[in-house]
Novice: 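First the structure, then my questions, so here it is.
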2 protein chains.
Amino acid sequence: MEAKQISKAVIKRLPRYYRYLGELLEDNVERISSNDLSKKMRVTASQIRQDLNNFGGFGQQGYGYNVKYLYTEIGKILGLDIVHPMIIVGAGNLGQALANYVEFEKRGFKLAGIFDVNPVLEGIAVRGIEIQMISDLPFFMKENNIEIAILTLPKNKARDMAEILIENGIKAIWNFAHIDLDTPDDVIVENVHLSESLMTLSYNLSQYRQEHIDDEK
Amino acid sequence: MEAKQISKAVIKRLPRYYRYLGELLEDNVERISSNDLSKKMRVTASQIRQDLNNFGGFGQQGYGYNVKYLYTEIGKILGLDIVHPMIIVGAGNLGQALANYVEFEKRGFKLAGIFDVNPVLEGIAVRGIEIQMISDLPFFMKENNIEIAILTLPKNKARDMAEILIENGIKAIWNFAHIDLDTPDDVIVENVHLSESLMTLSYNLSQYRQEHIDDEK
DNA sequence: TAGATTGTTAATCGATTAACAATC
DNA sequence: TAGATTGTTAATCGATTAACAATC
(Lines give C-alpha, C1' and ligand atoms only; values in the text may rest on other atoms or scores of the structure.)
Protein backbone atom coordinates (compact mmCIF):
# COMPACT_ATOMS: atom_id res chain seq x y z
CA MET A 1 0.00 0.00 0.00
CA GLU A 2 2.56 2.62 1.15
CA ALA A 3 0.71 5.48 -0.54
CA LYS A 4 2.87 8.46 0.43
CA GLN A 5 5.24 9.55 -2.28
CA ILE A 6 8.82 10.08 -1.21
CA SER A 7 10.47 13.13 -2.70
CA LYS A 8 13.31 12.92 -5.17
CA ALA A 9 15.52 14.95 -2.85
CA VAL A 10 15.23 12.32 -0.13
CA ILE A 11 15.96 9.47 -2.52
CA LYS A 12 19.08 11.19 -3.84
CA ARG A 13 20.39 11.39 -0.29
CA LEU A 14 19.87 7.71 0.54
CA PRO A 15 22.96 6.43 -1.28
CA ARG A 16 25.05 8.98 0.56
CA TYR A 17 23.75 7.78 3.93
CA TYR A 18 24.50 4.28 2.75
CA ARG A 19 28.07 5.22 1.90
CA TYR A 20 28.74 6.88 5.26
CA LEU A 21 27.19 4.01 7.18
CA GLY A 22 29.33 1.59 5.19
CA GLU A 23 32.42 3.51 6.25
CA LEU A 24 31.31 3.52 9.89
CA LEU A 25 30.74 -0.21 9.64
CA GLU A 26 34.26 -0.71 8.30
CA ASP A 27 35.55 1.29 11.25
CA ASN A 28 33.60 -1.02 13.58
CA VAL A 29 31.36 1.73 14.88
CA GLU A 30 28.37 0.08 16.51
CA ARG A 31 25.95 2.93 17.00
CA ILE A 32 25.60 6.55 15.95
CA SER A 33 23.24 9.37 16.81
CA SER A 34 21.68 11.59 14.19
CA ASN A 35 23.70 14.39 15.73
CA ASP A 36 27.07 12.70 15.30
CA LEU A 37 26.20 11.60 11.80
CA SER A 38 25.10 15.11 10.94
CA LYS A 39 28.53 16.44 11.86
CA LYS A 40 30.26 13.85 9.66
CA MET A 41 28.01 14.35 6.68
CA ARG A 42 27.45 18.06 7.02
CA VAL A 43 23.69 17.93 6.96
CA THR A 44 21.32 18.75 9.81
CA ALA A 45 20.42 16.05 12.31
CA SER A 46 16.83 17.01 11.74
CA GLN A 47 17.10 16.18 8.07
CA ILE A 48 18.60 12.79 8.80
CA ARG A 49 15.77 11.89 11.14
CA GLN A 50 13.13 13.22 8.78
CA ASP A 51 14.62 11.34 5.84
CA LEU A 52 14.88 8.03 7.64
CA ASN A 53 11.40 8.30 9.10
CA ASN A 54 9.99 8.26 5.59
CA PHE A 55 10.83 4.59 5.59
CA GLY A 56 10.31 3.62 9.21
CA GLY A 57 11.65 4.08 12.69
CA PHE A 58 15.14 2.64 12.58
CA GLY A 59 16.45 4.25 15.73
CA GLN A 60 15.90 4.03 19.43
CA GLN A 61 15.40 6.92 21.84
CA GLY A 62 18.36 7.52 24.09
CA TYR A 63 20.55 5.22 21.98
CA GLY A 64 20.64 6.40 18.42
CA TYR A 65 20.91 4.13 15.39
CA ASN A 66 22.56 0.74 15.18
CA VAL A 67 25.00 1.17 12.29
CA LYS A 68 24.84 -2.34 10.93
CA TYR A 69 21.08 -2.53 11.11
CA LEU A 70 20.55 0.85 9.49
CA TYR A 71 23.08 0.04 6.77
CA THR A 72 21.28 -3.18 5.95
CA GLU A 73 17.86 -1.55 5.95
CA ILE A 74 18.91 1.28 3.66
CA GLY A 75 20.48 -1.33 1.40
CA LYS A 76 17.12 -3.07 1.20
CA ILE A 77 15.30 0.18 0.50
CA LEU A 78 17.73 0.82 -2.35
CA GLY A 79 17.15 -2.68 -3.68
CA LEU A 80 20.77 -3.70 -3.17
CA ASP A 81 19.79 -7.02 -1.64
CA ILE A 82 18.60 -8.19 -5.03
CA VAL A 83 20.69 -9.11 -8.07
CA HIS A 84 20.05 -6.86 -11.05
CA PRO A 85 21.22 -8.37 -14.35
CA MET A 86 22.30 -5.64 -16.74
CA ILE A 87 23.75 -5.04 -20.17
CA ILE A 88 25.88 -2.32 -21.63
CA VAL A 89 24.69 -0.95 -24.96
CA GLY A 90 27.50 0.95 -26.61
CA ALA A 91 30.97 -0.56 -26.34
CA GLY A 92 32.94 2.64 -26.83
CA ASN A 93 35.40 4.05 -24.34
CA LEU A 94 32.82 4.87 -21.72
CA GLY A 95 30.98 1.57 -22.14
CA GLN A 96 34.21 -0.35 -21.76
CA ALA A 97 35.25 1.69 -18.75
CA LEU A 98 31.94 0.93 -17.04
CA ALA A 99 32.29 -2.74 -17.96
CA ASN A 100 35.51 -2.79 -15.98
CA TYR A 101 33.93 -1.16 -12.97
CA VAL A 102 34.10 -4.10 -10.61
CA GLU A 103 32.51 -2.25 -7.71
CA PHE A 104 29.05 -2.57 -9.22
CA GLU A 105 29.08 -6.33 -8.86
CA LYS A 106 29.45 -6.00 -5.09
CA ARG A 107 26.15 -4.11 -4.93
CA GLY A 108 24.22 -6.69 -6.93
CA PHE A 109 24.58 -5.11 -10.35
CA LYS A 110 25.64 -8.00 -12.53
CA LEU A 111 26.92 -7.28 -16.01
CA ALA A 112 25.61 -10.05 -18.27
CA GLY A 113 26.30 -8.75 -21.76
CA ILE A 114 27.74 -5.99 -23.93
CA PHE A 115 26.17 -4.85 -27.19
CA ASP A 116 27.03 -2.44 -29.96
CA VAL A 117 25.84 -1.47 -33.41
CA ASN A 118 29.31 -1.45 -35.00
CA PRO A 119 30.03 -4.82 -36.70
CA VAL A 120 33.78 -4.25 -36.33
CA LEU A 121 33.42 -4.77 -32.59
CA GLU A 122 31.56 -8.11 -32.81
CA GLY A 123 33.22 -10.84 -30.80
CA ILE A 124 35.84 -8.62 -29.18
CA ALA A 125 35.98 -9.42 -25.47
CA VAL A 126 35.79 -6.82 -22.74
CA ARG A 127 36.47 -8.17 -19.28
CA GLY A 128 35.82 -11.66 -20.63
CA ILE A 129 32.48 -10.70 -22.18
CA GLU A 130 32.20 -10.79 -25.98
CA ILE A 131 30.56 -7.82 -27.63
CA GLN A 132 27.34 -8.86 -29.38
CA MET A 133 25.28 -7.29 -32.14
CA ILE A 134 21.81 -5.86 -31.57
CA SER A 135 20.21 -8.72 -33.51
CA ASP A 136 21.08 -10.95 -30.57
CA LEU A 137 19.50 -8.57 -28.08
CA PRO A 138 15.89 -9.85 -27.91
CA PHE A 139 16.88 -13.44 -27.22
CA PHE A 140 19.64 -12.48 -24.81
CA MET A 141 17.42 -10.17 -22.79
CA LYS A 142 14.78 -12.81 -22.27
CA GLU A 143 17.25 -15.58 -21.57
CA ASN A 144 19.07 -13.56 -18.90
CA ASN A 145 16.18 -11.60 -17.40
CA ILE A 146 17.92 -8.34 -18.10
CA GLU A 147 16.51 -5.46 -16.05
CA ILE A 148 18.91 -2.59 -16.61
CA ALA A 149 20.53 -1.26 -19.77
CA ILE A 150 23.49 1.07 -19.55
CA LEU A 151 23.13 3.26 -22.60
CA THR A 152 26.50 4.58 -23.71
CA LEU A 153 25.87 5.05 -27.41
CA PRO A 154 26.36 8.47 -28.99
CA LYS A 155 23.42 10.84 -29.02
CA ASN A 156 22.32 10.15 -32.58
CA LYS A 157 22.02 6.40 -32.08
CA ALA A 158 20.77 6.44 -28.51
CA ARG A 159 17.16 7.37 -29.14
CA ASP A 160 16.47 4.52 -31.56
CA MET A 161 18.26 2.09 -29.29
CA ALA A 162 16.12 3.14 -26.35
CA GLU A 163 13.08 2.27 -28.49
CA ILE A 164 14.45 -1.19 -29.14
CA LEU A 165 15.28 -1.75 -25.49
CA ILE A 166 11.77 -0.74 -24.48
CA GLU A 167 10.20 -3.01 -27.08
CA ASN A 168 12.16 -5.86 -25.59
CA GLY A 169 10.91 -5.14 -22.11
CA ILE A 170 13.78 -3.33 -20.43
CA LYS A 171 12.87 -2.17 -16.93
CA ALA A 172 15.37 0.65 -16.47
CA ILE A 173 17.85 2.64 -18.53
CA TRP A 174 20.96 4.25 -17.12
CA ASN A 175 21.34 6.91 -19.75
CA PHE A 176 24.73 8.45 -20.56
CA ALA A 177 23.66 9.93 -23.90
CA HIS A 178 23.07 13.68 -24.06
CA ILE A 179 19.39 13.42 -24.75
CA ASP A 180 16.21 13.24 -22.73
CA LEU A 181 14.66 9.86 -23.40
CA ASP A 182 10.97 9.57 -24.04
CA THR A 183 9.89 6.49 -22.16
CA PRO A 184 6.64 4.99 -20.87
CA ASP A 185 5.87 5.24 -17.15
CA ASP A 186 6.96 1.71 -16.42
CA VAL A 187 10.50 2.24 -17.68
CA ILE A 188 12.79 3.98 -15.23
CA VAL A 189 15.40 6.37 -16.56
CA GLU A 190 18.35 7.68 -14.63
CA ASN A 191 20.43 10.23 -16.51
CA VAL A 192 24.14 10.87 -16.21
CA HIS A 193 24.77 13.93 -18.29
CA LEU A 194 28.53 14.37 -17.92
CA SER A 195 28.81 17.44 -20.09
CA GLU A 196 26.12 19.17 -18.06
CA SER A 197 27.99 18.37 -14.88
CA LEU A 198 31.15 19.87 -16.35
CA MET A 199 29.25 23.00 -17.40
CA THR A 200 27.97 23.44 -13.86
CA LEU A 201 31.56 23.28 -12.69
CA SER A 202 32.51 25.81 -15.33
CA TYR A 203 29.73 28.14 -14.21
CA ASN A 204 30.93 28.05 -10.63
CA LEU A 205 34.47 28.69 -11.77
CA SER A 206 33.46 31.76 -13.79
CA GLN A 207 31.20 32.97 -11.03
CA TYR A 208 33.90 32.73 -8.41
CA ARG A 209 36.31 34.55 -10.66
CA GLN A 210 33.88 37.41 -11.22
CA GLU A 211 33.16 37.79 -7.54
CA HIS A 212 36.85 38.06 -6.76
CA ILE A 213 37.89 40.15 -9.70
CA ASP A 214 39.24 42.84 -7.39
CA ASP A 215 41.52 40.42 -5.56
CA GLU A 216 43.70 40.02 -8.60
CA LYS A 217 44.70 43.64 -8.83
CA MET B 1 28.74 43.59 -7.75
CA GLU B 2 25.89 41.19 -8.59
CA ALA B 3 25.09 40.47 -4.97
CA LYS B 4 22.09 38.15 -5.29
CA GLN B 5 22.96 34.52 -4.99
CA ILE B 6 21.56 32.25 -7.67
CA SER B 7 20.21 28.95 -6.43
CA LYS B 8 21.81 25.63 -7.24
CA ALA B 9 18.59 24.41 -8.79
CA VAL B 10 18.67 27.20 -11.36
CA ILE B 11 22.32 26.59 -12.21
CA LYS B 12 21.72 22.89 -12.75
CA ARG B 13 19.05 23.75 -15.29
CA LEU B 14 21.19 26.13 -17.34
CA PRO B 15 23.14 23.44 -19.22
CA ARG B 16 19.85 21.83 -20.19
CA TYR B 17 18.53 25.10 -21.61
CA TYR B 18 21.81 25.39 -23.44
CA ARG B 19 21.42 21.94 -24.93
CA TYR B 20 17.88 22.56 -26.16
CA LEU B 21 18.78 25.94 -27.59
CA GLY B 22 21.73 24.34 -29.38
CA GLU B 23 19.36 21.85 -30.97
CA LEU B 24 16.96 24.60 -32.03
CA LEU B 25 19.89 26.46 -33.52
CA GLU B 26 20.88 23.40 -35.53
CA ASP B 27 17.32 23.22 -36.78
CA ASN B 28 17.57 26.85 -37.86
CA VAL B 29 14.85 28.00 -35.50
CA GLU B 30 15.20 31.76 -35.16
CA ARG B 31 12.99 32.57 -32.22
CA ILE B 32 11.08 30.74 -29.52
CA SER B 33 8.62 31.72 -26.81
CA SER B 34 8.92 30.51 -23.26
CA ASN B 35 5.67 28.67 -23.87
CA ASP B 36 6.91 26.70 -26.87
CA LEU B 37 10.19 25.93 -25.14
CA SER B 38 8.31 24.78 -22.07
CA LYS B 39 6.44 22.19 -24.15
CA LYS B 40 9.66 20.87 -25.63
CA MET B 41 11.52 20.70 -22.34
CA ARG B 42 8.64 19.72 -20.13
CA VAL B 43 9.08 22.48 -17.62
CA THR B 44 6.74 25.39 -16.99
CA ALA B 45 7.07 28.52 -19.07
CA SER B 46 7.04 30.43 -15.82
CA GLN B 47 10.12 28.61 -14.63
CA ILE B 48 11.97 29.34 -17.84
CA ARG B 49 11.24 33.05 -17.57
CA GLN B 50 12.11 33.13 -13.89
CA ASP B 51 15.36 31.25 -14.45
CA LEU B 52 16.52 33.44 -17.29
CA ASN B 53 15.63 36.64 -15.51
CA ASN B 54 18.13 35.81 -12.83
CA PHE B 55 20.75 36.75 -15.37
CA GLY B 56 19.03 39.50 -17.33
CA GLY B 57 16.21 40.21 -19.71
CA PHE B 58 17.06 38.22 -22.82
CA GLY B 59 13.62 38.25 -24.40
CA GLN B 60 11.31 40.75 -25.97
CA GLN B 61 7.61 41.16 -25.28
CA GLY B 62 5.41 39.95 -28.08
CA TYR B 63 8.35 38.23 -29.78
CA GLY B 64 9.91 35.74 -27.42
CA TYR B 65 13.60 34.88 -27.34
CA ASN B 66 16.05 34.99 -30.19
CA VAL B 67 17.53 31.49 -30.17
CA LYS B 68 21.03 32.35 -31.29
CA TYR B 69 21.35 35.28 -28.92
CA LEU B 70 20.03 33.36 -25.93
CA TYR B 71 22.26 30.40 -26.74
CA THR B 72 25.32 32.63 -26.84
CA GLU B 73 24.39 34.43 -23.66
CA ILE B 74 23.82 31.23 -21.68
CA GLY B 75 27.13 29.99 -23.05
CA LYS B 76 28.80 33.08 -21.61
CA ILE B 77 27.06 32.63 -18.27
CA LEU B 78 28.35 29.05 -18.16
CA GLY B 79 31.85 30.24 -19.00
CA LEU B 80 31.95 28.32 -22.26
CA ASP B 81 33.39 31.28 -24.15
CA ILE B 82 36.66 30.80 -22.30
CA VAL B 83 39.24 28.03 -22.72
CA HIS B 84 39.69 25.94 -19.58
CA PRO B 85 42.95 23.95 -19.57
CA MET B 86 42.49 20.73 -17.65
CA ILE B 87 44.28 17.56 -16.62
CA ILE B 88 43.11 14.06 -15.88
CA VAL B 89 44.50 12.57 -12.68
CA GLY B 90 44.02 8.82 -12.75
CA ALA B 91 44.66 7.09 -16.08
CA GLY B 92 42.51 4.04 -15.44
CA ASN B 93 39.56 2.97 -17.56
CA LEU B 94 37.40 5.91 -16.67
CA GLY B 95 40.22 8.44 -17.00
CA GLN B 96 41.10 7.10 -20.42
CA ALA B 97 37.47 7.10 -21.51
CA LEU B 98 37.13 10.75 -20.51
CA ALA B 99 40.40 11.57 -22.28
CA ASN B 100 38.83 10.31 -25.48
CA TYR B 101 35.72 12.37 -25.00
CA VAL B 102 36.24 14.77 -27.88
CA GLU B 103 33.03 16.72 -27.24
CA PHE B 104 34.57 18.57 -24.29
CA GLU B 105 37.07 20.33 -26.53
CA LYS B 106 34.21 21.96 -28.47
CA ARG B 107 33.02 23.64 -25.28
CA GLY B 108 36.39 25.05 -24.36
CA PHE B 109 37.56 22.28 -22.05
CA LYS B 110 41.08 21.57 -23.27
CA LEU B 111 42.82 18.45 -22.04
CA ALA B 112 46.47 19.36 -21.53
CA GLY B 113 47.85 16.42 -19.57
CA ILE B 114 47.21 13.04 -17.99
CA PHE B 115 48.73 11.94 -14.69
CA ASP B 116 48.81 8.79 -12.61
CA VAL B 117 50.56 7.38 -9.56
CA ASN B 118 51.34 4.02 -11.13
CA PRO B 119 54.89 3.99 -12.61
CA VAL B 120 53.93 1.24 -15.05
CA LEU B 121 51.78 3.73 -16.94
CA GLU B 122 54.48 6.37 -17.35
CA GLY B 123 54.97 7.42 -20.95
CA ILE B 124 52.04 5.45 -22.35
CA ALA B 125 50.09 7.69 -24.70
CA VAL B 126 46.35 8.18 -24.50
CA ARG B 127 44.93 10.12 -27.42
CA GLY B 128 48.41 11.36 -28.18
CA ILE B 129 49.07 12.54 -24.63
CA GLU B 130 51.73 10.75 -22.62
CA ILE B 131 50.84 9.79 -19.08
CA GLN B 132 53.05 11.61 -16.58
CA MET B 133 53.96 10.96 -12.98
CA ILE B 134 52.82 13.18 -10.11
CA SER B 135 56.34 14.51 -9.61
CA ASP B 136 55.88 16.43 -12.86
CA LEU B 137 52.58 17.89 -11.72
CA PRO B 138 53.70 21.16 -10.04
CA PHE B 139 55.75 22.34 -13.00
CA PHE B 140 53.18 21.23 -15.55
CA MET B 141 50.30 22.93 -13.78
CA LYS B 142 52.10 26.27 -13.68
CA GLU B 143 53.42 26.03 -17.20
CA ASN B 144 49.99 25.27 -18.66
CA ASN B 145 47.76 27.35 -16.38
CA ILE B 146 45.73 24.31 -15.44
CA GLU B 147 42.37 25.22 -13.94
CA ILE B 148 40.46 21.96 -13.75
CA ALA B 149 41.53 18.51 -12.58
CA ILE B 150 39.44 15.49 -13.45
CA LEU B 151 39.96 13.18 -10.51
CA THR B 152 39.47 9.56 -11.53
CA LEU B 153 41.71 7.83 -9.02
CA PRO B 154 40.27 5.17 -6.74
CA LYS B 155 38.80 6.29 -3.42
CA ASN B 156 41.83 5.48 -1.30
CA LYS B 157 44.22 7.56 -3.38
CA ALA B 158 41.86 10.37 -4.27
CA ARG B 159 41.92 12.26 -1.00
CA ASP B 160 45.70 12.66 -0.88
CA MET B 161 45.77 13.61 -4.52
CA ALA B 162 43.16 16.31 -3.95
CA GLU B 163 45.51 17.74 -1.30
CA ILE B 164 48.37 17.87 -3.78
CA LEU B 165 46.19 19.46 -6.44
CA ILE B 166 45.06 22.12 -4.02
CA GLU B 167 48.61 22.84 -2.89
CA ASN B 168 49.51 23.42 -6.49
CA GLY B 169 46.73 25.90 -6.98
CA ILE B 170 44.03 23.95 -8.77
CA LYS B 171 40.86 26.00 -9.24
CA ALA B 172 38.31 23.23 -9.67
CA ILE B 173 38.06 19.47 -9.25
CA TRP B 174 35.66 17.29 -11.21
CA ASN B 175 35.51 14.46 -8.73
CA PHE B 176 34.66 10.91 -9.81
CA ALA B 177 35.94 9.27 -6.63
CA HIS B 178 33.38 8.01 -4.12
CA ILE B 179 34.32 10.43 -1.41
CA ASP B 180 33.34 13.90 -0.34
CA LEU B 181 36.36 16.11 -0.78
CA ASP B 182 37.33 18.58 1.89
CA THR B 183 38.37 21.67 0.03
CA PRO B 184 38.85 25.36 0.80
CA ASP B 185 36.20 27.82 -0.37
CA ASP B 186 38.17 28.93 -3.37
CA VAL B 187 38.37 25.45 -4.88
CA ILE B 188 35.24 24.36 -6.71
CA VAL B 189 34.21 20.72 -6.54
CA GLU B 190 31.68 19.07 -8.80
CA ASN B 191 30.96 15.47 -7.92
CA VAL B 192 29.98 12.66 -10.25
CA HIS B 193 29.11 9.77 -8.00
CA LEU B 194 28.25 7.07 -10.50
CA SER B 195 27.46 4.38 -7.98
CA GLU B 196 25.04 6.70 -6.20
CA SER B 197 23.29 7.40 -9.46
CA LEU B 198 22.96 3.66 -10.09
CA MET B 199 21.55 3.16 -6.60
CA THR B 200 18.93 5.81 -7.23
CA LEU B 201 17.94 3.90 -10.35
CA SER B 202 17.83 0.71 -8.34
CA TYR B 203 15.59 2.34 -5.74
CA ASN B 204 13.12 3.45 -8.37
CA LEU B 205 13.14 -0.03 -9.87
CA SER B 206 12.37 -1.69 -6.53
CA GLN B 207 9.79 0.92 -5.70
CA TYR B 208 7.95 0.50 -8.97
CA ARG B 209 7.97 -3.25 -8.53
CA GLN B 210 6.48 -3.01 -5.05
CA GLU B 211 3.75 -0.64 -6.15
CA HIS B 212 2.72 -3.02 -8.93
CA ILE B 213 3.13 -6.25 -7.07
CA ASP B 214 -0.52 -7.11 -7.67
CA ASP B 215 -0.21 -6.72 -11.43
CA GLU B 216 1.95 -9.78 -11.68
CA LYS B 217 -0.66 -12.14 -10.31
C1' DT C 1 15.27 7.28 37.87
C1' DA C 2 17.97 10.73 34.95
C1' DG C 3 19.97 11.53 30.57
C1' DA C 4 19.99 10.97 25.86
C1' DT C 5 18.05 10.88 21.63
C1' DT C 6 14.48 9.57 18.73
C1' DG C 7 10.03 10.35 16.08
C1' DT C 8 6.96 13.82 14.86
C1' DT C 9 4.54 18.18 14.80
C1' DA C 10 4.97 23.05 13.96
C1' DA C 11 7.54 27.01 12.02
C1' DT C 12 10.42 28.73 8.61
C1' DC C 13 12.50 29.11 4.52
C1' DG C 14 13.02 28.67 -0.41
C1' DA C 15 11.55 27.30 -4.89
C1' DT C 16 7.89 26.84 -8.21
C1' DT C 17 3.77 28.34 -10.33
C1' DA C 18 0.18 31.69 -11.37
C1' DA C 19 -1.23 36.10 -12.62
C1' DC C 20 -0.94 40.30 -14.85
C1' DA C 21 0.77 44.88 -15.94
C1' DA C 22 4.30 46.51 -19.06
C1' DT C 23 5.70 46.75 -23.64
C1' DC C 24 7.28 45.20 -28.08
C1' DT D 1 -3.55 49.74 -32.92
C1' DA D 2 -4.31 44.78 -31.45
C1' DG D 3 -2.07 40.62 -30.19
C1' DA D 4 1.53 38.30 -28.20
C1' DT D 5 4.64 37.47 -24.84
C1' DT D 6 7.91 39.06 -21.65
C1' DG D 7 9.48 40.55 -16.90
C1' DT D 8 8.04 40.67 -12.35
C1' DT D 9 5.12 40.56 -8.32
C1' DA D 10 2.14 37.72 -5.57
C1' DA D 11 0.36 33.12 -4.20
C1' DT D 12 1.19 28.45 -3.56
C1' DC D 13 3.54 24.58 -2.74
C1' DG D 14 7.17 21.71 -0.89
C1' DA D 15 11.32 20.95 1.59
C1' DT D 16 14.21 22.02 5.48
C1' DT D 17 14.89 23.26 10.14
C1' DA D 18 13.48 23.89 14.89
C1' DA D 19 11.23 22.37 18.87
C1' DC D 20 9.68 19.16 22.03
C1' DA D 21 6.93 15.37 23.86
C1' DA D 22 7.60 10.43 23.89
C1' DT D 23 10.41 6.81 25.30
C1' DC D 24 14.40 3.90 25.60
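Just so you know, these numbers use all the heavy atoms, side chains as well, and skip hydrogens, waters and symmetry mates. Chain letters run A, B, ... following the sequence lines, proteins first, then strands; residues in each count from 1.
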Novice: Starting at CD1 of B/I48 and ending at C1' of D/dT5, how long is that distance when rounded to a whole Å?
Specialist: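 So the two atoms are 13 Å apart, to the nearest Å.
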Novice: Given D/dT5, is OP1 or OP2 found less than 4.0 Å from the side-chain N or O atoms of B/S34?
Specialist: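 No, outside the criterion.
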Novice: Are B/Q47 and C/dT16 close enough that a side-chain N or O sits under 4.0 Å from OP1 or OP2?
Specialist: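 So the side chain of B/Q47 is within the cut-off, an N or O lying under 4.0 Å from OP1 or OP2 of C/dT16.
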Novice: Take atom OH of B/Y63 and atom P of D/dG7, then tell me their distance rounded to the nearest Å.
Specialist: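 After rounding, the gap between these two atoms is 13 Å.
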Novice: Let me know the distance between CG of B/L70 and C1' of D/dG7, rounded to the nearest Å.
Specialist: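 Atom-to-atom, B/L70 to D/dG7, this comes out as 14 Å.
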Novice: Using a strict threshold of under 4.0 Å (side-chain N to carboxylate O), is an ion pair present between B/R42 and A/D182?
Specialist: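 Salt bridge flag = yes for B/R42 with A/D182.
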Novice: So which of B/I150, B/V189, B/I148, B/I173 actually passes side chain to side chain contact (heavy atoms under 4.5 Å, CB included) with A/L201?
Specialist: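 Going through the options one by one, the only one that passes is B/I148.
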Novice: Does a side-chain N or O of B/Y65 approach OP1 or OP2 of D/dG7 to a distance below 4.0 Å, or not?
Specialist: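 The answer is yes; a side-chain N or O of B/Y65 sits under 4.0 Å from OP1 or OP2.
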Novice: Please confirm whether the shortest side-chain N or O distance from A/S46 to OP1 or OP2 of D/dT16 is below 4.0 Å.
Specialist: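 Indeed not, no polar side-chain atom of A/S46 lies that close.
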Novice: Write down the partner of D/dC20 under the Watson-Crick or G-U wobble criteria, each distance required to be under 3.5 Å.
Specialist: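 Base partner found: C/dG7.
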Novice: Not counting sequence neighbours, which residues clear ring-ring contact (aromatic ring centres under 6.0 Å, His included) with A/Y20? List them please.
Specialist: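 If we apply the ring-ring contact (aromatic ring centres under 6.0 Å, His included) test to A/Y20, skipping adjacent residues, there are no hits.
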Novice: Can you see if the side chain of B/R13 gets near the phosphate of C/dA15 - specifically, an N or O under 4.0 Å from OP1 or OP2?
Specialist: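 For B/R13, the contact criterion (side-chain N or O under 4.0 Å from OP1 or OP2 of C/dA15) is not met.
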Novice: Mind telling me whether B/F104 and B/Y101 have parallel, tilted or perpendicular rings, with 30° and 60° as the class edges?
Specialist: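 It falls in the tilted class, 30° to 60°.
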Novice: How close or far is atom P of C/dT16 from atom NZ of B/K12, stated in whole angstroms?
Specialist: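 Taking NZ of B/K12 and P of C/dT16, I get 13 Å after rounding.
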Novice: With a 3.5 angstrom cut-off on both distances, give the Watson-Crick or G-U wobble partner of C/dT12, or none if there isn't one.
Specialist: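 Base partner found: D/dA15.
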Novice: Between D/dT17 atom C1' and A/N53 atom CG, what is the distance in whole Å?
Specialist: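 A/N53 atom CG is separated from D/dT17 atom C1' by 15 Å.
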Novice: Could you tell me whether A/E103 and B/K155 make a salt bridge, using a distance below 4.0 angstrom between a side-chain N and a carboxylate O?
Specialist: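 Looking at B/K155 together with A/E103, the answer is no, because their closest N to O distance does not fall below 4.0 Å.
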Novice: Counting only side-chain heavy atoms from C-beta out, which of D/dT8, C/dA15, C/dG7 sits nearest to B/S7?
Specialist: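 Comparing D/dT8, C/dA15, C/dG7 against the side chain of B/S7, the answer is C/dA15.
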Novice: To the nearest angstrom, how far is A/R31 atom CZ from D/dC24 atom P?
Specialist: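 Rounded to whole Å, this separation is 16 Å.
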Novice: Of the listed nucleotides (D/dT17, C/dT17, D/dT6), which one gets closest to any side-chain atom of B/S33?
Specialist: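 Minimum distance to the B/S33 side chain belongs to D/dT6.
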Novice: Choosing from C/dG7, C/dA10, D/dT6, which nucleotide comes nearest the side chain of A/Q50?
Specialist: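 From the listed options, C/dA10 comes nearest.
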Novice: Using atom CG of A/N54 as one end and atom P of C/dT8 as the other, report the distance to the nearest whole Å.
Specialist: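 In whole Å, C/dT8 P lies 11 Å from A/N54 CG.
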Novice: What is the distance, to the nearest angstrom, from the CG atom on B/D51 to the C1' atom on C/dT16?
Specialist: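 It is 10 Å, rounded to the nearest whole Å.
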Novice: Which residue lies toward the 5' end of DNA chain D, A/A9 or B/G59, if each is placed at its nearest nucleotide?
Specialist: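 So the residue in question is B/G59.
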Novice: It should be established whether B/R49 places a side-chain nitrogen or oxygen under 4.0 Å from OP1 or OP2 of nucleotide D/dG7.
Specialist: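 B/R49 to D/dG7 OP1/OP2: no side-chain N or O under 4.0 Å.
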